[in-house]
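Note sheet for the following structure.
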Amino acid sequence: MTPSMAVTVSASTPAIFTATNHGLEIGDQVFLTTTGSLPPEFTPTSVFYYVVGPITADSFRLADTPGGAAKPASPGQSGTHAVNPALFKT
């Protein structure tokens, strides 16, 4: 599994996360961290999200449940964000 990496988040429905060569797969469980504030639909550190498709080498989407609907992201984010893999695969 990929180590923590910087990620950008589009304010869109659904949110598109971009990280070059992220190495994540559909179903991977991750959590987010930030030096500022995430879009309001996401909570840093303590909440886990699941990678859902469509997925490319440089982009992915996140859902609250495995295979669930990709979450949107509203404007209002700041700082540098990171996506961090959970310590186990789901």
Side-chain angles (χ1 to χ4, degrees):
M1 185 163 298
T2 305
S4 175
M5 69 196 96
V7 65
T8 59
V9 186
S10 67
S12 60
T13 301
I16 298 172
F17 290 77
T18 304
T20 304
N21 294 318
H22 57 73
L24 296 169
E25 298 175 3
I26 291 175
D28 284 350
Q29 194 174 36
V30 299
F31 64 95
L32 302 171
T33 55
T34 186
T35 61
S37 61
L38 291 166
E41 294 83 0
F42 295 91
T43 304
T45 308
S46 60
V47 175
F48 292 102
Y49 299 101
Y50 296 86
V51 176
V52 294
I55 187 170
T56 70
D58 299 327
S59 68
F60 57 94
R61 297 173 184 180
L62 296 178
D64 289 323
T65 58
K71 293 175 66 74
S74 300
Q77 57 185 302
S78 65
T80 301
H81 309 318
V83 62
N84 308 272
L87 298 178
F88 51 89
K89 282 197 93 118
T90 55

*Whether Ser74 side chain and Pro39 backbone form a donor-acceptor pair below 3.5 Å*: no

*For Thr80, what residues pass the side-chain hydrogen bond (donor to acceptor under 3.5 Å, both in side chains) criterion, not counting sequence neighbours?*
none

_Note, Leu32 side chain near Leu62 side chain (heavy atom, < 4.5 Å)_ = yes

*asked:* On a heavy-atom basis, which atom in Val51 and which in Ile55 lie closest, and how many Å separate them?
replied: CG1-CD1, 3.7 Å

*Which residue pairs pass the side chain to side chain donor-acceptor pair (under 3.5 Å) test with at least one member in residues 60-70, sequence neighbours excluded?*
Asp64-Lys71

*Sequence neighbours left out, what passes side-chain contact (heavy atoms from CB on, under 4.5 Å) with Thr13? Give chain and number order.*
Pro72

*ring-ring contact (aromatic ring centres under 6.0 Å, His included) involving Tyr49 - partner list, sequence neighbours excluded*: Phe42

*With under 30° as parallel and over 60° as perpendicular, where do the rings of Phe60 and Phe17 fit, or are they tilted in between?*
parallel

_Is any side-chain heavy atom of Met5 closer than 4.5 Å to one of Val83?_
yes

*Nearest heavy-atom pair of Pro14 and Ala70: which atoms, and what distance?*
CB-CB, 3.5 Å

*What's the shortest heavy-atom distance between Ala6 and Ala19, and which atoms?*
O-CB, 3.4 Å

_Tell me whether His22 contacts the main-chain N or O of Thr56 through its side chain, where contact means a donor paired with an acceptor under 3.5 Å._
yes

*State plainly whether one hydrophobic cluster holds both Val52 and Val9, where clusters connect Ile, Leu, Val, Met, Phe, Trp and Tyr through side-chain heavy atoms under 4.5 angstrom apart.*
no

*Considering residues at least two apart in sequence or located in another chain, which fulfil the side-chain hydrogen bond (donor to acceptor under 3.5 Å, both in side chains) criterion with Thr18?*
none

*Give a yes or no answer on whether the side chain of Asn84 reaches the backbone of Phe31 with a donor-acceptor pair at less than 3.5 Å.*
yes

_Minimum side-chain heavy-atom gap Asp58-Asn21 below 4.5 Å_ = yes

_Heavy-atom pair with the smallest gap, counting every atom of Ala11 and Pro75_ = CB-N, 3.8 Å

*Not counting sequence neighbours, which residues clear side-chain hydrogen bond (donor to acceptor under 3.5 Å, both in side chains) with Thr20? List them please.*
none

*Would you check if the side chain of Ser10 reaches a backbone N or O of Ile16 as a donor-acceptor pair within less than 3.5 Å?*
yes

